[in-house]
Number of protein chains: 2
Amino acid sequence: MKTCPETTVRAWVNLVRVEQKLLADVEAELKAAGCPSLAWYDALLELSRAPGGRMRPVDLERAMLLPQYSTSRLVDRLVKAGLAIRQVCPIDGRGQFIEISGEGRRLQKRLWPFYAEAIQRHLGARLSREEIARLGSLLGKLV
Amino acid sequence: MKTCPETTVRAWVNLVRVEQKLLADVEAELKAAGCPSLAWYDALLELSRAPGGRMRPVDLERAMLLPQYSTSRLVDRLVKAGLAIRQVCPIDGRGQFIEISGEGRRLQKRLWPFYAEAIQRHLGARLSREEIARLGSLLGKLV
DNA sequence: TTCTTATAGATGCGATTGCATTCATGTGTC
DNA sequence: GACACATGAATGCAATCGCATCTATAAGAA
């Protein structure tokens, strides 16, 4: 197909396949260890890194590249689980602040070792250092 | 974290983020053009390439790296849409053959240009030829 | 002010997913 | 054959997703 060389198709197919498989494997491993979903972890990490431990849903949405309704519901669940707290936003009456709770921070920290180990086993251990670095950098250009 | 170097985490994060964004973008583009989901396309492609245009659900499942129930339901929809035909499997009484229909083949062929163009625009056009090739090959080692 | 348009966020509803289980057939052992 | 166990496939149910829409506030124009 002249609009799309074979190498591009190969990269695409591999990208999709690899990501889905890795994500499913890591997720399954975490679930088996009694951990909540990766999305929760990501959200908690974003919140914990934000100044004051809080973000507006819009910003969380952009940071996580999620659709708006998805963020809205994720936040719902975090709040319901006591991992985050909803606050009114003094700057913008339409908005709010989501602040990570102490429990949220603790969970995030407790989760990291599991997460890291899963990533290392499924990704890190299967390529050389140089390959990992190159992969990360190539993908970085696409973010 | 000593079990997981920073470069590995970077590769992981980029991999997940890039794939999700690209997939969502391409999928949205196809949907806007009235095309069915990518999963349908992939399944039709697998079937069309298989000898006799047919595969056992188990094999389709392995080829697409999907969970079993997912394949089962995908096949359901394809059959319901007239794009594939369920056949009894003479070799194994538990199994079946799924054969792509004429309409299925036509749809697959009709879809490809849209698909290719979207891949080219979102992935191919954003890296050099060499980079694409390297990306594809690095990811290939992880399949 | 009033009207229009843009943005933040929530939500109803139908489609899809994940999990666990079920059913049916195949395989191996005795 | 009779049994236990493995494998192919479907499905009930709850959770989640995607889409479209809705509410409320903000920002700007007339």
Side-chain angles (χ1 to χ4, degrees), chain A residues 19-21 23-43 47 50 54-81 84-99, chain B residues 19-21 23-43 47 50 54-81 84-99:
Chain A
E19 196 270 353
Q20 287 189 348
K21 186 76 167 65
L23 196 66
D25 287 351
V26 170
E27 184 101 44
E29 196 164 303
L30 294 194
K31 195 150 293 177
C35 300
S37 122
L38 275 182
W40 286 40
Y41 179 83
D42 281 352
L47 289 176
R54 57 190 197 157
M55 292 175 83
R56 306 243 336 231
V58 211
D59 298 322
L60 190 57
E61 179 187 326
R62 289 192 191 116
M64 298 184 66
L65 299 178
L66 288 178
Q68 180 267 322
Y69 56 82
S70 189
T71 314
S72 175
R73 281 163 172 156
L74 179 55
V75 166
D76 255 8
R77 288 170 215 144
L78 293 178
V79 169
K80 214 160 286 173
I85 298 147
R86 229 184 268 274
Q87 298 169 336
V88 293
C89 174
I91 315 166
D92 187 331
R94 296 165 302 182
Q96 48 187 264
F97 273 117
I98 308 300
E99 181 177 353
Chain B
E19 197 271 352
Q20 287 188 347
K21 187 76 168 63
L23 196 66
D25 287 351
V26 169
E27 184 100 44
E29 197 164 301
L30 294 194
K31 195 150 294 179
C35 300
S37 122
L38 276 183
W40 287 39
Y41 179 83
D42 281 351
L47 289 177
R54 56 191 197 156
M55 293 175 80
R56 307 249 329 237
V58 210
D59 298 322
L60 190 58
E61 179 186 326
R62 289 193 191 115
M64 299 184 65
L65 298 179
L66 287 179
Q68 180 267 322
Y69 57 83
S70 190
T71 314
S72 174
R73 280 162 172 157
L74 178 56
V75 166
D76 256 7
R77 288 171 215 142
L78 292 179
V79 168
K80 215 159 285 174
I85 298 147
R86 227 185 271 274
Q87 297 169 337
V88 294
C89 174
I91 315 168
D92 188 333
R94 296 165 302 184
Q96 48 185 264
F97 273 117
I98 308 300
E99 181 177 354

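By convention in this document, chain letters (A, B, ...) are assigned in the order of the sequence lines, proteins followed by strands, and residues within each chain are numbered from 1. Atom set for the values below is all heavy atoms of this structure, side chains included, hydrogens, waters and symmetry mates excluded.
- Phosphate contact (OP1/OP2 of dG9(C), side-chain N/O of S72(A), threshold under 4.0 Å): absent.
- Considering only residues two or more places apart in sequence or on other chains, F97(A) meets the ring-ring contact (aromatic ring centres under 6.0 Å, His included) condition with none of them.
- Between D92(B) atom CG and dA24(C) atom C1' the separation is 10 Å, expressed in whole Å.
- Here R62(A) does not reach the OP1 or OP2 of dT7(C): none of its side-chain N or O atoms lies under 4.0 Å away.
- In this structure, R86(A) atom CZ and dA8(C) atom P are separated by 16 Å, rounded to whole Å.
- Residue R56(A) places no side-chain atom within donor-acceptor reach of the base of dG9(C), judged by atom type and a 3.5 Å distance cut-off alone.
- Here the P atom of nucleotide dA15(C) and the CZ atom of R77(B) are 11 Å apart, to the nearest Å.
- Atom P of nucleotide dG9(C) and atom CD1 of I98(A) are separated by 8 Å, given to the nearest angstrom.
- Using a 4.0 Å cut-off between charged nitrogen and carboxylate oxygen, R54(B) and D59(B) do not count as a salt-bridge pair.
- L60(A) has its CG atom 12 Å from the P atom of dA10(C), to the nearest Å.
- P57(B) and Q96(B) make their closest contact through CD-O, 3.3 Å (heavy atoms, listed as atom of the first residue, atom of the second, distance).
- Heavy-atom distances to DNA chain D give each of W40(A) and V58(B) a nearest nucleotide, and the one nearer the 5′ end belongs to V58(B).
- On the nucleic acid side, DNA chain D has its first and last nucleotide under 4.0 Å of a heavy atom of chain A at dT16(D) to dA26(D), going 5' to 3'.
- Toward the 5′ end of DNA chain D lies the nearest nucleotide of P67(A), the other residue of the pair P67(A) and R94(A) mapping further downstream.
- Of the possible polar contacts, none joining the E19(A) side chain to the Q20(B) backbone as a donor-acceptor pair under 3.5 Å is found.
- We find that NZ of K31(A) is positioned 9 Å from C1' of dC19(C), with the value rounded to whole Å.
- Across the interface with DNA chain C, nearest-nucleotide mapping of S70(B) and Y69(A) shows Y69(A) to be the residue nearer the 5′ end.
- Atom CZ of R86(A) sits about 8.5 Å away from atom NZ of K80(A), to the nearest 0.5 Å.
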Residue pair R62(B), T71(B): steps toward the side chain to side chain contact (heavy atoms under 4.5 Å, CB included) verdict | CA-CA 9 Å; R62(B) 289 193 191 115; T71(B) 314; over 6 Å; no
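- Look at CD on Q68(B): it is 11 Å from C1' on dT22(C), rounded to the nearest Å.
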Test side chain to side chain contact (heavy atoms under 4.5 Å, CB included) applied to I98(B) and L60(B), step by step = CA-CA 9 Å; I98(B) 308 300; L60(B) 190 58; 5.6 Å; no
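- Atom-to-atom, CG of D59(A) to P of dT7(C) comes out at 14 Å; the value is rounded to the nearest Å.
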